[in-house]
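Note: hydrogens, waters and symmetry copies are ignored here, and every other heavy atom, side chains too, is used. Bear in mind the structure is a predicted one, so any value in this text is a computation, not a measurement.
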Number of protein chains: 2
Amino acid sequence: MKTRVRIEDVAKRAGISTATVSRYINRSDYVSSKNAERIQAAIEDLNYVPHAAAQTLARQKTMTLGLFFPSLTSAYFSSLLRGVEMRANQANYTLLIHSSEMVTKEIRKKRALGEHNTDGIIVFSDSLDDEELIRLANRNFPVVLMHRSSPSFLNIPTVIIENKNGVYNLVSHLIEVHDCRRIAILRGPEKHENAYWREAGYRKALSEHNMAFDPDLVECGEFNTEQARLAVKRLLEKNIKFDAVFSGDDDAASGSMMALREAGLRIPEDVAVVGFDDQIIASHLSPPLTTIRAPIEQVGFQATDKLIQLIDGKPVELQTLLPTELIIRHSCGCKENFH
Amino acid sequence: MKTRVRIEDVAKRAGISTATVSRYINRSDYVSSKNAERIQAAIEDLNYVPHAAAQTLARQKTMTLGLFFPSLTSAYFSSLLRGVEMRANQANYTLLIHSSEMVTKEIRKKRALGEHNTDGIIVFSDSLDDEELIRLANRNFPVVLMHRSSPSFLNIPTVIIENKNGVYNLVSHLIEVHDCRRIAILRGPEKHENAYWREAGYRKALSEHNMAFDPDLVECGEFNTEQARLAVKRLLEKNIKFDAVFSGDDDAASGSMMALREAGLRIPEDVAVVGFDDQIIASHLSPPLTTIRAPIEQVGFQATDKLIQLIDGKPVELQTLLPTELIIRHSCGCKENFH
DNA sequence: CTGAAAGCGCTTACAG
DNA sequence: CTGAAAGCGCTTACAG
């Protein structure tokens, strides 16, 4: 009952060699129409599906892509994953996903994802350490980065987004339109390049408007709802005055709102709140969130596309920079409904 | 440069046979400590990692689990996936995930997930059709269901949750404590058993309180934020009067709140809103959502555990029923903060 | 257009 | 405790 149907069984039933059956299945060579019919019939009769591992071994190609993710808990990663899946499916690749959140150090040491089980990997931000990255690159193994620039001596292709200008526009809006003077910022994770550039955009907006950077207004939101909630709470408890908070991303913006509401503050009348990403929740928050739209899904799609090019030995641009866009809603203080 | 390091290379460097190297790596037999050391050194020198497909082929075991999901867009599935991953990782299994949302019919017809590339599969609700389910079961291929009962003649193990009683308690709370008289219900997807039993709980609560079931109060929320928003909008536009809405799940509850707010209605003063699941967003909504806590992650964990037992040829309980719990917050009208 | 046969990189009885 | 060799289920030059 558990005995597997093999290509040999199909060949026998069709009265033909396994070589020809293989050619028919893979469309890798012409097969006489008479034989094609008999093979097709045999396949359907026997319900034959090729054994993936045997194909992989014979072809020396896994037809699977590896994906290093930090976590799967945020809706952010669902969007990213959609983009990756879409392109991978188009090209008939299967996905192997590892979230650093779930995979223990021990498992990672066993090299859960690499040359032994994928044709190439995609790395989100710092979810894979430099050491392993360098090892793979040195072996010429196809790797693409998302939201992280290549170590300068390696030239690993990467897809990034326009963080700095986006935040610059966002914070400038707060200053120019809503006359905000004390804008708190919730930083993202330390090694996260998005976090770095978003802070740079924030600083640029301040300095261009002749406002001093005040360390008191800086907290760590970690691109995380609960962390952000606690961060804003700390600000409040330290009695720091602020009239706006740039939360780092939308998840954190949602946490900021919770903390403010819990303190009895009104948004945006007492404190304006803005985010980054324009995730689905952004428009559902109350008040609807003013934020920067980032093409999250596109990043996944483009990175996967690059990886496939790389695997096929085609040339790829080393860096793709995707644009972002200011989305005005109500949490900044604007009244009109722009969306 | 791209030449692979094989077990043979390790064997040569250690001056020993591949058989012994294999035994050492898999701890499948005793190896003299002298040889063990030399093998370990060779592995590290060469940076050797076994080729997954070759192992699969030789062992006749893929060490991977297949997962059929409807989509990845809701945070709900992140939780479920966490549970699955946790158990799979413990047992050293890899995951292959297919969301029906992303996978085209064409791909599915090619049998993307099955005996040729997994040791067993987990099926969420109706994300795999009966035909394929029956085919697999007839071949004795390990399958476990989540939120779906087995076709009666098949005895496929399943993990489900207490929907009916949960909703019964929830709706009874609305009636008894908040004196709600016209409670709208947003149905889930048609073939979804959770949807069926939740409606059953709703009906039971009504009838036990001598309230008539009014078809006017029924709409389709599809366990989806946007669909639910539109559904409540329809109710409002049809001028149906209601003082509460059981939204089917938390995603839909969030959509209900949006529609009500857009219509200028206050929650819970004008209309109470309740959900099901107690997802992370539930406590973040404004007002915080009264709902039923479902052990989402546990469902994933238990289903995966069952599947592993099945693969190992161990006996499993045919049906695991996980309890749910009423979580009172503010969206029902309660003032105290219970959580 | 087709077939015989080697080979992909492992594991595992079998014999010692 | 160890090794030689068969076998897992495919694909693909090679020869025809």
Interface with DNA chain D, restricted to residues 32-43 of chain A and to heavy atoms under 4.0 Å: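 Residues of residues 32-43 of chain A under 4.0 Å from DNA chain D: none.
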Residues in contact with DNA chain D, drawn from residues 11-19 of chain B - heavy-atom cutoff 4.0 Å: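 Contacting residues: I16(B), S17(B), A19(B).
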Sugar-phosphate only, base, or nothing, as touched by S22(B) at under 4.0 Å among non-hydrogen atoms: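 If one applies the 4.0 Å heavy-atom cut-off, S22(B) turns out to touch a base.
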Non-hydrogen side-chain atoms of T118(A) and L65(A) separated by less than 4.5 Å: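 Result no, sub-4.5 Å side-chain heavy-atom pair not found.
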Which residues share a ring pair (Phe, Tyr, Trp, His ring centres under 6.0 Å) with Y24(B), sequence neighbours left out: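 By the ring pair (Phe, Tyr, Trp, His ring centres under 6.0 Å) rule, Y24(B) matches no residue at all.
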Partner residues of [X] under the salt bridge (Lys or Arg N to Asp or Glu O under 4.0 Å) criterion, sequence neighbours left out:
X: D305(A); answer: R87(A)
X: K191(B); answer: none
X: E193(B); answer: none
X: D126(A); answer: none

Parallel, tilted or perpendicular: ring planes of F68(B) versus H98(B), cut at 30 and 60 degrees: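 Correct class here is tilted.
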Plane angle bin for Y76(A) and H147(A) - parallel if under 30°, tilted between 30 and 60°, otherwise perpendicular: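 Rings of H147(A) and Y76(A): tilted, 30 to 60°.
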Cut-off 3.5 Å, no hydrogens considered: what does the side-chain donor-acceptor table look like for residues 152-161 of chain A, sequence neighbours left out?
from    : atom 1 : to      : atom 2 : distance (Å)
T158(A) : OG1    : L145(A) : O      : 3.4
T158(A) : OG1    : R148(A) : O      : 2.5

Which value, in whole Å, describes the distance between the [atom1] atoms of nucleotides [N] and [M]?
N: dT2(D); M: dA6(D); atom1: P; result: 23 Å
N: dG9(C); M: dA13(C); atom1: P; result: 23 Å
N: dC1(D); M: dA5(D); atom1: P; result: 24 Å

Aromatic centroids of F77(A) and F69(A) separated by under 6.0 Å: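 Ring centres of F77(A) and F69(A) closer than 6.0 Å.
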Side chain to side chain donor-acceptor pair (under 3.5 Å) against N224(A), all qualifying residues, sequence neighbours excluded: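 Partners of N224(A) under the side chain to side chain donor-acceptor pair (under 3.5 Å) test: none.
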Stem segments of DNA chain C by first residue number [Watson-Crick or G-U, under 3.5 Å, at least 3]: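 Listed by first number, the stems are C:1-3 with D:14-16, C:5-12 with D:5-12, C:14-16 with D:1-3.
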Chain A footprint on DNA chain C, 5' to 3' - any atom under 4.0 Å from a heavy atom: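 Range of nucleotides within reach of chain A: dC1(C) to dG9(C).
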Pairs satisfying salt bridge (charged side-chain N to carboxylate O under 4.0 Å, His left out), at least one member in residues 31-56 of chain B, at least two apart: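 Non-adjacent pairs meeting salt bridge (charged side-chain N to carboxylate O under 4.0 Å, His left out): R13(B)-D45(B).
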Polar side chain donor-acceptor pair, R59(A) to N26(A), under 3.5 angstrom: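 R59(A) vs N26(A): donor-acceptor pair found between side chains.
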